[in-house]
Amino acid sequence: MTTPALLPISGRRIPTLNPGFSSFSHHRATLRLSEKFILLLILSAFITLCFGAFFFLPDSSKHKRFDLGLEDVLIPHIDSIKEGKHPGGHIIHGQGGHDEHRHREDEEHLRNKIRADHERALEEAKEKLKKSREELRAEIQTEKNKVAQDLKKKDSKLLPPVPMPKLVGINDGDPGDPDVKEKRDKIREMMKHAWDNYRQYGWGHNELKPLAKKGHSTNIFGNSQMGATIVDALDSLYIMGLRDEFKDGQEWIEKNLDFSVNAEVSVFEVNIRFIGGLLASYYLSGQEIFKIKAAQLAEKLLPAFNTPTGIPWAMVNLKSGVGRNWGWASAGSSILSEFGTLHMEFVHMSYLTGNPAYYNKVMHIRKQLQKMDRPNGLYPNYLNPRTGRWGQHHTSVGGLGDSFYEYLLKAWLMSDKADTEARKMYDDAIEAIEKHLIRKSNGGLTFIGEWKNGHLEKKMGHLTCFAGGMFALGADGSKGDKAGHYLQLGAEIAHTCHESYDRTVLKLGPEAFKFDSGLEAVAVRQNEKYYILRPEVIETYWYMWRFTHDPKYRQWGWEAAQAIEKHCRVSGGFSGVKDVYSSSPTFDDVQQSFFLAETLKYLYLLFSSDDFLPLDSWVFNTEAHPLPVLHLANTTLSGNRVTR
Ligand code: DMJ
């Protein structure tokens, strides 16, 4: 035996074996004769034991130590022998030599059978070992597929049929003008480049690393490989007429998208990207599989609502249903933009499945919020799901708050303007935001700051830029008929966000920009200078284009598209950049799924005609997945008697 040595590892001393082979041979050479004799004795005893064990092995299988699948055959057989019955079932009469002889014969017969079975098992194992790795893999895969098919059959219960909402505007959207058409074709080509590379290098992974040319994922999807890019991009492919690619994605979803995985995912992200994506693909293509998958997934999110207040956890484990919140969120809070961005998809889930649970869950959140005091009429970003109390008093129309406001407005629009409660909540919230958060800079740029414990931080995020589009979308139907005012506000935000792009070297917008100490719409801190292919500015251009037809929005959109093409395109797809103020920026090597779901879709729609997915029939979720307006006037989604 070698001597344990102590080796220092990172300052700690742990025992380890000295693996020096030469020291072992040296030690062996110094063995005395008596030691050799003892070793020889032990060795021969061991061999005798092995021989004996081998000889007696068949008998020991009677004790059912290993499950060879023989019990059914043998146990009744042995029992019948013990009871004095012939294996054939007859009572054996008489005692003595004849019986004993028969008994011995039976045992011999049994032993032979066991031996034969052992030999067969051994042969089979040998055969298996002879097979190549590939053959074994293929066999395992076939088995797996069989199990998956069985599961699928079990899960694919047909949902109750519901009338498809009247779908208008799924046409070609040809803009007519050849110059605009050319731009639109270029966007389609960019989509194809992004998709093809994901298809080649990241297929089935959540996202793509376009430089490393391999799959990528972040903690919002847990440790799962759920093909986020496929699900998120699918409706864009459909809209752009890339039908072969769409089919390919659909096939992957049918065969591989499985939610029974032990992964802790973000409820919000999975809702907006997966449920939203599946629903949009369903409504656009009419393919049932998307509805079925959406229903399977939605069910997996329900345990997230098991909190003392019914305000859901930020994360849920899809397998165990255990939920929890982000460690960084104020005092264990849930996030406003996360639990407040479930409404559209959940209403559709109740509509499609006939299960009122989804609708009830999101309406319960709304009721909870309505009961609470709001400092200055503002909604703080943090709410504790255990106590039902606000966390830190931070308010933002960007990260942590943004899509909560968006979904209040869209809940109203999606209900064919029947959900007036949602509209009122939106109007009241926007009024408070205008009063406390929206300001004009010295240079005349309108911006939306962030409220932090009674103080206005004059900083705006790229994420906040979506609000330009939201104000324009909510203009019609606004309180006190201030439509003109809100359209103007939308235009001002669009202008400010365009400035944030225009004042950079790459003509791409930074993550956050300031309006302080002589600075206007520029990022200050290094860690705010990145652009990760986000859509919000282009989203606002598109809404503004639809409502005003001012050609500058198409112009600005085209500038952004060209900048993305020039600075973010690489041979393996599209990548974010780390500094938009540098002429030779480094890449972050991530092709975000929202680039295909949102950025390219909004660009494509910007260069399409207005009758393509018209805004009075379709409402886009926060991940740009279009969902049809539901005409629910005589419908209840909340009770047992669901009528559609
Ligand atoms: C998207 O996933 C959604 O738009 C979300 O609401 C916030 N931001 C990202 C893209 O920037």
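Start at 1 and go down the list; that is how both ligands and their atoms are numbered.
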A.B. asks: May I ask you to check if Arg199 and Trp195 form a cation-pi contact, with NZ or CZ under 6.0 angstrom from the six-membered ring centre and within 45° of the axis?
C.D. replies: no
A.B. asks: Go through it in stages, so that I can follow the logic: the residues are Tyr604 and Thr599, the test is side chain to side chain contact (heavy atoms under 4.5 Å, CB included), and I'd like the CA-CA distance, side-chain angles, deciding distance and then a yes or no.
C.D. replies: CA-CA 9 Å; Tyr604 189 81; Thr599 312; over 6 Å; no
A.B. asks: Students often mix this up, so state it plainly: with edges at 30° and 60°, are the rings of Trp328 and Trp326 parallel, tilted or perpendicular?
C.D. replies: parallel
A.B. asks: Could you go step by step and tell me if Glu264 and Arg324 meet the salt bridge (Lys or Arg N to Asp or Glu O under 4.0 Å) rule?
C.D. replies: CA-CA 9 Å; Glu264 194 179 46; Arg324 70 179 175 104; 2.8 Å; yes
A.B. asks: Put together the list of close N/O pairs, under 3.5 Å, between ligand 1 and the protein, could you?
C.D. replies:
{"unit_1": "ligand 1", "atom_1": "2 (O)", "unit_2": "Glu623", "atom_2": "OE1", "d": "2.6"}
{"unit_1": "ligand 1", "atom_1": "4 (O)", "unit_2": "Glu598", "atom_2": "OE1", "d": "3.3"}
{"unit_1": "ligand 1", "atom_1": "4 (O)", "unit_2": "Glu598", "atom_2": "OE2", "d": "2.9"}
{"unit_1": "ligand 1", "atom_1": "4 (O)", "unit_2": "Thr622", "atom_2": "O", "d": "2.8"}
{"unit_1": "ligand 1", "atom_1": "6 (O)", "unit_2": "Thr622", "atom_2": "OG1", "d": "2.8"}
{"unit_1": "ligand 1", "atom_1": "8 (N)", "unit_2": "Glu536", "atom_2": "OE2", "d": "3.4"}
{"unit_1": "ligand 1", "atom_1": "11 (O)", "unit_2": "Arg534", "atom_2": "NH1", "d": "2.7"}
{"unit_1": "ligand 1", "atom_1": "11 (O)", "unit_2": "Glu536", "atom_2": "OE2", "d": "2.7"}

A.B. asks: Kindly check if the number of other-residue, nucleotide or ligand heavy atoms within 6.0 Å of NZ (Lys214) is above 12?
C.D. replies: no
A.B. asks: For Phe620, is there any backbone N or O sitting under 3.5 Å from a side-chain donor or acceptor partner on Lys410?
C.D. replies: yes
